[in-house]
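Below: one structure, written as structure tokens.
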Amino acid sequence: MLFRSAAVSCGGEKVGAIIEVEGLTKVYARGIVAVKEVTFAVEEGEIFGFLGPNGAGKSTTIMMLTTLIKPTAGRAFVAGFDVVREPGRVRLCIGYVSQELAVDDNLSGRDNLFLQAGFYHLPRGEARARCDELLKMMGLYERADDLVETYSGGMRKRLDIACGLIHRPKVLFLDEPTVGLDTQTRHQIWGYIKALREKYGMTIFMTTHYMEEADALCDRIAIIDRGVIKAVGAPAALKDRLGGDVVTLRFKEAPAEKIREAVAALEGLAGVRGVKHQDGDCFIVARGGGELIPQIFQVLQPLGVGVERVTLKRPSLDDVYLYYTGRELRDETGSKEEAMRARMLMRRVRGA
Ligand SMILES: Nc1ncnc2c1ncn2[C@@H]1O[C@H](COP(=O)(O)OP(=O)(O)OP(=O)(O)O)[C@@H](O)[C@H]1O
Ligand SMILES: [Mg+2]
């Protein structure tokens, strides 16, 4: 992997990856390994998602890349600068919006932004223009002079993101930008994130544990679990890597023996890569699920096993995530359906 010489400087000349990370490791006190030998690169202009369950090491990684904490081992370069040796230069090129809100409730939205502009020594005229631009972009212009304590959660988050943008960073780090927000506000924030890339060519590095968000927004994602990167790629490519379709059947009431026979018959169908049955729900992973459905009914009819409901879908990012993190296998709160799907996917990919 090429470092520094192949990266993009804050001056602007584009030569390669804007974030390069190699073997990055963070061990906290008492030997807690939060991030373990993480390696990846982000291209300029990408929206790159870091996806993982609670405690996976997402915030720790983002804090190392934004120079807020020092790595225990490994190296990372942002916009061509070493996060350990040149933290000041890194900071000038990046914006960071933390998981927790950082805006001051006792100031207006405009004053929060103005204060932020002061940290970057922006001339007053320029600062004013940028504040207006950001307030408009984030849909806060009408409420700009109200105290933040009167803002809704979504407005506060939008202001928080605006504060991270005042110095027009080349790279914006967003740690869980939509956590706890309603669906409408979440979609609005996705729109702003996309606009930042389109308008300014900004690179966005964001963490999330919402599959839908990663799927809708990110060009590529890295799935991290227990400090280790499990997979990196475009959402579509990761879904394709799992392969096949997922057919879900809900059997009508039938004697257990009949159901067992039905499951065995389904397992014997051409193209079927795995069948799992639990409490009347049957999950079939198969190549060409569309063509399989009529055959399913053909084998079930003579057995006298009826079907209440049938669904067919391509593997979702949820399936990808479940496969790589096996979240529900150790999380008692996961639904039975998720647990079963994860076990099947694991078996399938291992066998592939
Ligand atoms: N300051 C700290 N001291 C000790 N351990 C820490 C510290 N900060 C985080 N950890 C531990 O490091 C691991 C990774 O935490 P981190 O906050 O990076 O996870 P995360 O992926 O951001 O999780 P979440 O989705 O809950 O925000 C966890 O086991 C956490 O308990
Ligand atoms: Mg976090």
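In listed order, ligands and their atoms are each counted from 1. Side-chain atoms are counted along with the backbone in the values below, which use heavy atoms only and exclude waters and symmetry mates. Treat the numbers as computed from the prediction; the structure is a model and nothing was measured.
- Among protein heavy atoms, the minimum distance from atom 16 (P) of ligand 1 is reached at Thr60 OG1, 3.6 Å.
- Every atom of ligand 1 with a heavy atom of Ala56 under 4.0 Å away is listed here by number and element: 19 (O), 20 (P), 21 (O).
- Near Glu176, meaning under 4.0 Å from one of its heavy atoms, ligand 1 places the atoms 25 (O).
- The closest protein non-hydrogen atom to atom 26 (O) of ligand 1 is Asn54 ND2, 3.0 Å.
- Among protein heavy atoms, atom 27 (O) of ligand 1 sits closest to Gln99 NE2, 2.9 Å.
- If you check which protein heavy atom lies closest to atom 10 (N) of ligand 1, you get Tyr28 CE1, 3.3 Å.
- Atom 25 (O) of ligand 1 has its closest protein heavy atom at Lys58 NZ, 2.7 Å.
- In terms of heavy-atom proximity, Cys93 sits nearest to Phe81 at SG-CE1, 3.8 Å.
- Considering backbone and side-chain atoms together, Ala34 places no N or O closer than 3.5 Å to any N or O of ligand 1.
- Protein N/O/S atoms closer than 2.8 Å to the Mg ion (ligand 2), listed by chain and residue number, are Ser59 OG, Gln99 OE1.
- There is no protein heavy atom less than 4.0 angstrom from atom 31 (O) of ligand 1.
- Using a cutoff of 4.0 Å between basic side-chain nitrogens and carboxylate oxygens, Arg250 and Asp279 are not scored as salt-bridged.
- Using a 4.0 Å cut-off between a side-chain N of Lys or Arg and a carboxylate O of Asp or Glu, Arg260 and Glu257 qualify as a salt bridge.
- Residue contacts with ligand 1: Gly55 is placed with a nitrogen or oxygen under 3.5 Å of a nitrogen or oxygen of the ligand (distance criterion only).
- Taking the six-membered ring where the residue is Trp, Phe48 and Phe40 present parallel rings, their angle staying beneath 30° rather than reaching 60°.
- Following chains of ILVMFWY side-chain contacts shorter than 4.5 Å, one can reach Val38 starting from Tyr28, so the two form part of one hydrophobic cluster.
- Neither the backbone nor the side chain of Arg30 comes within contact range of ligand 1; no heavy atom lies under 4.0 Å.
- Hydrophobic clustering (ILVMFWY, side-chain heavy atoms < 4.5 Å, transitive): Val33 and Ile69 are in distinct clusters.
- In this pair, Tyr120 and His167 present their aromatic rings parallel. The plane angle is below 30°, not in the 30 to 60° band.
- His277 and Phe251 have their aromatic ring centers within a separation under 6.0 angstrom.
- In this structure, Lys239 and Arg314 have side chains that are not in contact, with every pair of non-hydrogen atoms separated by 4.5 Å or more.
- For atom 7 (C) of ligand 1, a protein heavy-atom neighbour is present inside the 4.0 Å cut-off.
- Cluster partners of Tyr210, using a side-chain heavy-atom cutoff of under 4.5 Å among ILVMFWY residues and allowing indirect links, are Val179.
- Counted by atom type alone, Ser59 and Gln99 present one or more donor-acceptor pairs between their side chains at under 3.5 Å.
- The contact set between ligand 1 and Gly57, taken as ligand atoms under 4.0 Å from a residue heavy atom, comprises 14 (C), 18 (O), 19 (O), 20 (P), 21 (O).
- A continuous path of ILVMFWY side-chain contacts below 4.5 Å connects Phe119 to Leu113, so both sit in one hydrophobic cluster.
- Nearest protein neighbour of atom 17 (O) of ligand 1, counting heavy atoms only, is Ser59 CB, 3.8 Å.
- In this structure, Pro53 is part of the shell of residues with a heavy atom less than 4.0 angstrom from ligand 1.
- Using a cutoff of 4.0 Å between basic side-chain nitrogens and carboxylate oxygens, Glu20 and Arg75 are not scored as salt-bridged.
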